[in-house]
Number of protein chains: 2
Amino acid sequence: MTTVPTPRVTIKDVAARAGVSKGAVSLAFNRKPGLSDATRDRIFAAARELGWAPNLTARSLSSQRVDVVGLAICRPAKQLGLEPFYMEFISGVEGVLTERSCSLLLRLVRNLEEEVGLQEAWWKGKQISGSILVDFRADDPRVAAVERLGMPAVAVGHPSLTGSLTSVWTDDATAVAEAVRYLAALGHRRIARVGGAAPLGHTTIRTAAFDEAARTLGLAGSWQVATDFSGDAGARATRSLLSAAPPDRPTAIVYDNDIMAVAGLSVASEMGLSVPGDVSLLAWDDSQLCRLTHPTLSAMSHDVHGFGADVARTLFGVITGEEPASHPVPTPVLTPRGSTAPPGGGSRM
Amino acid sequence: MTTVPTPRVTIKDVAARAGVSKGAVSLAFNRKPGLSDATRDRIFAAARELGWAPNLTARSLSSQRVDVVGLAICRPAKQLGLEPFYMEFISGVEGVLTERSCSLLLRLVRNLEEEVGLQEAWWKGKQISGSILVDFRADDPRVAAVERLGMPAVAVGHPSLTGSLTSVWTDDATAVAEAVRYLAALGHRRIARVGGAAPLGHTTIRTAAFDEAARTLGLAGSWQVATDFSGDAGARATRSLLSAAPPDRPTAIVYDNDIMAVAGLSVASEMGLSVPGDVSLLAWDDSQLCRLTHPTLSAMSHDVHGFGADVARTLFGVITGEEPASHPVPTPVLTPRGSTAPPGGGSRM
DNA sequence: AATAGTGACTTTACCGGTTTAGCGGCGGCT
DNA sequence: AGCCGCCGCTAAACCGGTAAAGTCACTATT
């Protein structure tokens, strides 16, 4: 294929064709007052005939705004592929961006330092008008960096992690408590949790909430393991938890995402334990995956798409200077399915 | 948080501080010859002190190039979330883009018309320097549109679908044939396939290849179902295939992605059929998911990350005018695991 | 000694829009 | 009639860079 030496039609050509100045074309395309309807129509007709669309690069240079927001995700590719959360989140964000003809600049980064550098480059390079920050950690360096830059941003994470940034979060502590309370109500006394990546702030929050709930309910202890969110890690953790002799073996396990719960289910079956007879399993996030297993997985479910949309809307608020309030999205709710039941129902599968 | 009225440091400030002209600063930052080391150092020092980074918008306006490539994905959000393919593909693309400090503009679109409009807007708006096109269909309107625009692009799909566009593809026909041959070699005579979305070109190709292979091997027929790639659809299809009475029931099923295979596995178990005893299952793509089930899923596996990287590299070739050749990536290879075995081993689980 | 060549910069003309100041003409008001 | 104010539009400055042409001092060549 030979690349045609593109004709490069610019605003000047359109202006010439419509018999007006380029200022007039600009006014027409930005729906600003000051033009008669007749002229406006002539301009649009000319533009259509020439197949012209404004050069957004030039536009943002002179108008000092860009219709692009950034999203950098800092997790190993290996985990990302399977984590249904992100794609759904992104699709929620997209939905809102699209309505405002805004685009998403996506980048996967290897660590937070890289992300800080990237956000700075994006912002100083005037490539984005704001950014969505995810996966906060304790003392996250992005908080200070973003403040210093004065860049509009929305932090996805609990306010205790996101400093002065506008944030949107899920109330993980409450959700964890509900999960534990539910299992306890079923009669479980030995409940374990297979958590996510330890450095992540929300993991810490869930861990603390789990401990707290276990204590409050007077449970037999509080087994928790940190993983990297991968299925393999979830399988390993489950294997280790379930290989304890029955009196010490947990009768219920809560997972921090779907993948690990699926992996856990498979480990239980591989070890000859029935679910939920010998052990109850509770997943988190509740993607489609939870309904594809046998038994189906009970889960703490969550409107991830809506979460993304909310975050995007909030970001627009920040960008336009409305100073929207930080707020939580609806707390995940328990969706009981086939993987949870009172303990000791024990029939082999 | 009060947004600081950003100081707006420009190339002029840096030039002034370093005591040179802005042309010199430009030369320094673009690593072009014509400056003494001493001056270069002074410039960098000045830039560092002022915290300056070039305005990429201005740069691309005058240099006529942008370091951004586009990717529009046209699938319902619901499917995307779970489809491990895309995130892995994207991460492969990203890896290559990052080395060249290039960014990815991502957009989810609802239909091809929208995508055509988007690509045109992106290109005419000089927002991207090229695009990656995925999920081709027969008579795909994007082929003509992209040619008309003269936009550099790489099509992910078989050349029979992508017209004159440079393309990178997986040899699905060969892979399907291998899958069928393998199952036939195990002794299966009644093999079914749960395919992906019918309008997609690669689905058509696989369907034809499956028919062909079934005929060549003299199999008992060729059951194929089209779905939408979702787990639910995979489950429904499997349920329908397996509910035939034993002489007509397939003894092996090939799936077009992992999710559907996982769903199929669960349906088999729900119907009291053992895998691989009563029915063998073969997945496609081979994400982590295949190793998390019980039994583990045999799959046609595929270096999706590498695929993405290859596509990105090829796109750079097209952009720089090297006219790279269209080429296939390595054909998926069979990875036998626990879900495939000779038919009739039939012990209940 | 005159000429050519080179290295190190500077000057200046864009890139393709947006934006603001300005301007001619026309209707309304006094 | 004269002045004002507004409408509809144009001209020109500007956004922050890049790139090509120009300048100038200094060395090498003949």
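Sequence lines set the chain letters: A, B, ... in the order given, protein chains first and strands last, and positions in each chain run from 1.
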Problem set entry | Sequence-distant partners of B:Ser60, side-chain hydrogen bond (donor to acceptor under 3.5 Å, both in side chains), two or more places apart | none

Problem set entry | All side-chain hydrogen bond (donor to acceptor under 3.5 Å, both in side chains) counterparts of B:Thr10, not counting sequence neighbours | none

For this session: Please identify each residue that fulfils salt bridge (charged side-chain N to carboxylate O under 4.0 Å, His left out) with B:Asp67, with sequence neighbours left out.
Result: B:Arg65

For this session: For A:Arg59, enumerate each residue passing the salt bridge (charged side-chain N to carboxylate O under 4.0 Å, His left out) test, keeping only those at least two apart in sequence or located in another chain.
Result: none

Exercise. In whole angstroms, how far is the C1' atom of C:dC15 from the NZ atom of A:Lys12?
Worked result: 10 Å

For this session: Using atom CG of B:Leu61 as one end and atom C1' of C:dA13 as the other, report the distance to the nearest whole Å.
Result: 13 Å

Problem set entry | Aromatic A:Trp122 / basic A:Lys124 pairing, under 6.0 angstrom, 45° off normal | no

For this session: Provide the full list of salt bridge (charged side-chain N to carboxylate O under 4.0 Å, His left out) pairs with a residue in residues 16-36 of chain A, sequence neighbours left out, each pair given once.
Result: A:Arg17-A:Glu49

Exercise. What pairs of residues pass the salt bridge (charged side-chain N to carboxylate O under 4.0 Å, His left out) test when at least one of them lies in residues 97-112 of chain A, not counting sequence neighbours?
Worked result: A:Arg110-A:Glu114

With the criterion being N/O to N/O and under 3.5 Å, what pairs connect the protein with nucleotides 8-12 of chain C, and how long is each?
unit_1	atom_1	unit_2	atom_2	d
C:dC9	OP1	B:Thr39	OG1	2.7
C:dC9	OP2	B:Ser36	N	2.6
C:dC9	OP2	B:Ser36	OG	2.8
C:dC9	OP2	B:Thr39	OG1	2.8
C:dT10	OP2	B:Ser21	N	2.8
C:dT10	OP2	B:Ser21	OG	2.9

Exercise. Applying ring pair (Phe, Tyr, Trp, His ring centres under 6.0 Å), which residue pairs with at least one partner in residues 126-161 of chain B are found, sequence neighbours left out?
Worked result: B:His158-B:Trp169

Exercise. Which pairs, with at least one residue in residues 22-49 of chain B and sequence neighbours excluded, count as a ring pair (Phe, Tyr, Trp, His ring centres under 6.0 Å)?
Worked result: B:Phe29-B:Phe44, B:Phe29-B:Trp52

Problem set entry | Covered region of DNA chain D, 5' end to 3' end, by chain A [heavy atoms, under 4.0 Å] | D:dG8 to D:dG16

For this session: Enumerate the residues from residues 47-60 of chain A whose closest heavy atom to DNA chain C is under 4.0 Å, giving them by residue number; use none for an empty result.
Result: A:Trp52, A:Pro54, A:Asn55, A:Ala58, A:Arg59

Problem set entry | Helical bend (five base pairs per end, nearest 10°) for the helix from C:dA1-D:dT30 to C:dT30-D:dA1 | 50°

Exercise. Is it true that a side-chain atom of B:Ser167 and a backbone atom of B:Val156 form a donor plus acceptor pair closer than 3.5 Å?
Worked result: no

Problem set entry | Ring geometry between A:Phe89 and A:Tyr86 (parallel below 30°, tilted from 30 to 60°, perpendicular above 60°) | perpendicular

For this session: Step by step, work out the side chain to side chain contact (heavy atoms under 4.5 Å, CB included) result for A:Cys74 and A:Arg137.
Result: CA-CA 11 Å; A:Cys74 176; A:Arg137 321 191 167 200; 4.3 Å; yes

Problem set entry | Distance (rounded to the nearest 0.5 Å) between B:Leu104 CG and A:Leu71 CG | 11.0 Å

Exercise. Using a cut-off of 4.0 Å on non-hydrogen atoms, how would the nucleic acid contact of A:Ser26 be classed: base, sugar-phosphate, or nothing?
Worked result: base

